[in-house]
2 protein chains.
Amino acid sequence: MTPPRTGRHDRDRIVTTALALLDEVGLADLTMRRLAAELDVQPSALYWHVRSKQELLAAVADRILDRVRVPDTRSPALEDRLHAAARGIRDALLAYRDGAEVVLSTEALRLGSSRALDLLAAALRPDDGDGADEEAVVAAAATLQFVLGHTTLVQQRMHAESHGAAAPEDLGDAAPDRVFDTGIRLLARGLSPVSGRRA
Amino acid sequence: MTPPRTGRHDRDRIVTTALALLDEVGLADLTMRRLAAELDVQPSALYWHVRSKQELLAAVADRILDRVRVPDTRSPALEDRLHAAARGIRDALLAYRDGAEVVLSTEALRLGSSRALDLLAAALRPDDGDGADEEAVVAAAATLQFVLGHTTLVQQRMHAESHGAAAPEDLGDAAPDRVFDTGIRLLARGLSPVSGRRA
DNA sequence: ACCTGAACACCGTTCAAGT
DNA sequence: ACCTGAACACCGTTCAAGT
C-alpha cells in the first residue's frame, strides 16, 4: 500500500529533518550524531548522502530561502517594493531558530546565484527598464548585507534573552522593527535621486 | 631584573594570546586546548581566569574594537562623517582573521554599551545639538548592522577563496569596497532630509 | 592563589565490512 | 546501493588534588 520508502529522496528527508531539528535545538546542538539518531541511523550513514556537515547546512539554508514569498507589491514607490522584498527575506530567516546565522554563514560561499539577492535586485529595478542594471545589483547586495546583519543580531538576542540575559527594552536597539524599517527606508530614499522616479 | 611575570594581568595575557591565535588559525581552530598549549598550561588552568569560552570571545571582541580609530573628519557633511566612522569599524574587524564574526556573535549579548554603536551615533549627531538624539541612535544601529553583515560576508568570502572556491570577480558582490561605499552613502543620503542640514 | 591530572560527555569524519 | 561498527583525532568543562 504505502509507496516504497526507499525512494531517491532520502537526501531530502535528511535536509527536512535537519531543518526541523535546527528549529528545535538551535545551530549549536544540530550535530550529525543527533541528526542521525533522529533518523534512526548511524552517524556514518549520513555521509553516503551528504559530503560534509557544511554541505548539509548549505542545503538547509536553501530550504529556508525557498520559503520566501514576496508580498507582490505592485507599488510604483521604490521604497515600498524594497521594503516588501526585504521583509519577505527577514521573515523567512526568522521562521526557524538560528535561520539567519545559517543563511549568513552560507551566503558567503554562494558565488553565483543567490535567491535573496535576486529578489532584492528585482525590487530595485525600474521595471520599465531592461535587464541587468548594475547599480541596482550593488544596492541590492548592500541591502541583503543589512538584512542579514540585522536579523542575525536580533535572532541571537532573542535566544540570549530567553535563557537569562537582560532587559529587553532600554537599549540602543530599541524595537527591532523600528531599526529594520529605518534601515530599509534610508537605503531606499538614498537611492531615489539616482534611479529617477518619473514625477 | 625582569619584573615578576606572575602579575595580576594573566587574564590580559590570555586574551592577547587568544587574539593572536585567532588571527593565525581562524575562529574554528581557536580552541581552549590549543590556546592552553600556546600558553604552556593545561586547558583546565584557563578556567581559573575565565568563566567560559564565550566570555573569552567577548573579551577578544572588545579588544578588536579597542583598536578602532576614527579618522576624525571634522567635515560638516554627514555623509563624510558617517563614512569615516563606518570605515574605522570595518577596518578594525578586517585587521584580524574572522574578526567580524567574533564581534557579530558577541554584539548580540551586549545589552548596554557598544563602542561601535557609540561611534556611529556620534557621527550622526548634528553636533551643534545636545545629547541623546533618538533617531540618530536608531540610524546608527541600522548602520552597525549593515557594517557587521557586510564585513562578515566579505571576510568569509576571503577565507573561502584562499583555499579553493571560485572566481573572485564576476559576482553580484562586485568589488566589496563598492558595495560598502554604496551602502554607507545610501544610508547617509536617506538621512539627510530628516536631520536637516542648515543650508 | 593558581595549576595539574584525570575524567565526563561529547564532536566530525573515514573506512572496512556487511547486506 | 546503502548501512553498520569501530576507530581516529579531537572538543568544552568540572573537579579533586597538589603546591
Side-chain angles (χ1 to χ4, degrees), chain A residues 2-19 21-22 24-61 97-98 101-102 105-106 109 156 159-160 163-164, chain B residues 2-19 21-22 24-61 97-98 101-102 105-106 109 156 159-160 163-164:
Chain A
T2 43
R5 269 245 173 259
T6 24
R8 194 54 290 294
H9 55 296
D10 290 359
R11 200 191 194 256
D12 280 1
R13 244 189 101 225
I14 291 177
V15 175
T16 302
T17 308
L19 185 55
L21 192 55
L22 173 70
E24 261 180 59
V25 302
L27 184 56
D29 290 328
L30 173 55
T31 66
M32 296 300 268
R33 298 177 112 103
R34 185 142 185 194
L35 175 59
E38 209 79 11
L39 291 161
D40 278 305
V41 108
Q42 291 306 114
S44 50
L46 298 173
Y47 289 87
W48 208 95
H49 303 277
V50 123
R51 209 183 294 277
S52 64
K53 187 182 183 182
Q54 195 174 154
E55 188 192 286
L56 173 63
L57 287 178
V60 168
R97 164 122 85 127
D98 292 333
E101 195 178 340
V102 170
S105 72
T106 245
L109 315 178
Q156 268 171 13
H159 177 245
H163 63 48
Chain B
T2 42
R5 271 243 174 262
T6 25
R8 193 56 288 294
H9 55 297
D10 289 0
R11 200 191 194 255
D12 280 0
R13 244 188 101 223
I14 290 177
V15 176
T16 303
T17 308
L19 186 55
L21 193 55
L22 173 71
E24 262 180 59
V25 302
L27 183 55
D29 290 328
L30 172 55
T31 66
M32 296 301 268
R33 297 177 111 101
R34 185 140 185 196
L35 175 58
E38 209 80 11
L39 290 160
D40 278 307
V41 107
Q42 290 306 113
S44 49
L46 298 174
Y47 289 86
W48 208 95
H49 303 276
V50 124
R51 211 184 292 277
S52 65
K53 187 182 184 181
Q54 196 175 151
E55 188 192 285
L56 173 64
L57 287 178
V60 169
R97 163 122 86 125
D98 292 333
E101 195 178 340
V102 170
S105 72
T106 243
L109 313 179
Q156 268 170 13
H159 179 244
H163 63 45

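Every chain is numbered from 1 and lettered A, B, ... according to where its sequence line falls, protein lines coming before strand lines.
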Note to self: What is the separation between atom CD on B:Q54 and atom P on D:dG12, rounded to the nearest whole Å?
What the structure shows: 13 Å

Next item on the list: Looking at every strand, decide which applies to A:T31 at a 4.0 Å heavy-atom threshold: base, sugar-phosphate, or nothing.
Entry: sugar-phosphate

Next item on the list: Provide, to the nearest angstrom, the distance between the CG atom belonging to B:L27 and the P atom belonging to D:dC11.
Entry: 13 Å

Checklist line | Pairwise C1' distance for D:dA17 and C:dC2, with rounding to whole Å | finding: 13 Å

Check: How many angstroms lie between atom NE2 of B:H49 and atom CG of B:D10, to the nearest 0.5 angstrom?
Finding: 5.0 Å

Item checked: DNA chain D: 5'-proximal contact among A:P43 and A:R33 (nearest heavy atom) -> A:P43

Checklist line | Protein-nucleotide distance (A:L56, atom CG; C:dT13, atom P), rounded to Å | finding: 10 Å

Check: Expressed in angstrom and rounded to an integer, what is the separation of A:M32 atom CE from D:dC3 atom P?
Finding: 13 Å

Notebook entry, point to check: Are any non-hydrogen side-chain atoms of B:V15 and B:V50 less than 4.5 angstrom apart?
Noted result: no

Next item on the list: Taking only the side-chain heavy atoms of A:D10 (C-beta and beyond), determine which of C:dA6, C:dA1, D:dC3 contains the nearest atom.
Entry: D:dC3

Notebook entry, point to check: Should D:dT19 form a Watson-Crick or G-U wobble pair with both distances under 3.5 Å, which nucleotide is its partner?
Noted result: C:dA1

Checklist line | Heavy-atom donor-acceptor pair, B:S52 side-chain to D:dG12 base, under 3.5 Å | finding: no

Item checked: Spacing of the C1' atoms in D:dC11 and C:dA7 (rounded, Å) -> 14 Å

Next item on the list: Could you let me know what D:dG12 is paired to, Watson-Crick or G-U wobble, both distances under 3.5 Å, or none if it's on its own?
Entry: C:dC8

Notebook entry, point to check: Hey, is the main chain of B:L27 close enough, under 3.5 Å, to the side chain of B:R97 for a donor-acceptor pair?
Noted result: no

Margin query: Quick check for you: among C:dG5, D:dC2, C:dC2, whose closest atom lies nearest to any side-chain atom of A:H49?
Written below: D:dC2

Check: What integer number of Å spans the C1' atoms of D:dA16 and C:dC3?
Finding: 13 Å

Next item on the list: Starting at atom NZ of A:K53, determine the distance to atom P of C:dC10, rounded to an integer number of angstrom.
Entry: 15 Å

Notebook entry, point to check: Within this structure, what is the OH-to-P distance between A:Y47 and C:dA16, rounded to whole angstrom?
Noted result: 17 Å

Notebook entry, point to check: Roughly how far, to the nearest 0.5 Å, is OG1 of B:T106 from CD of B:E55?
Noted result: 10.5 Å

Next item on the list: Starting from P on D:dC10, measure out to CG on B:L30 and report it in whole angstrom.
Entry: 16 Å

Notebook entry, point to check: Whole-Å distance between C:dC11 P and A:D29 CG?
Noted result: 8 Å

Notebook entry, point to check: So do the side chains of A:L35 and A:L39 get within less than 4.5 Å of each other, counting heavy atoms only?
Noted result: yes

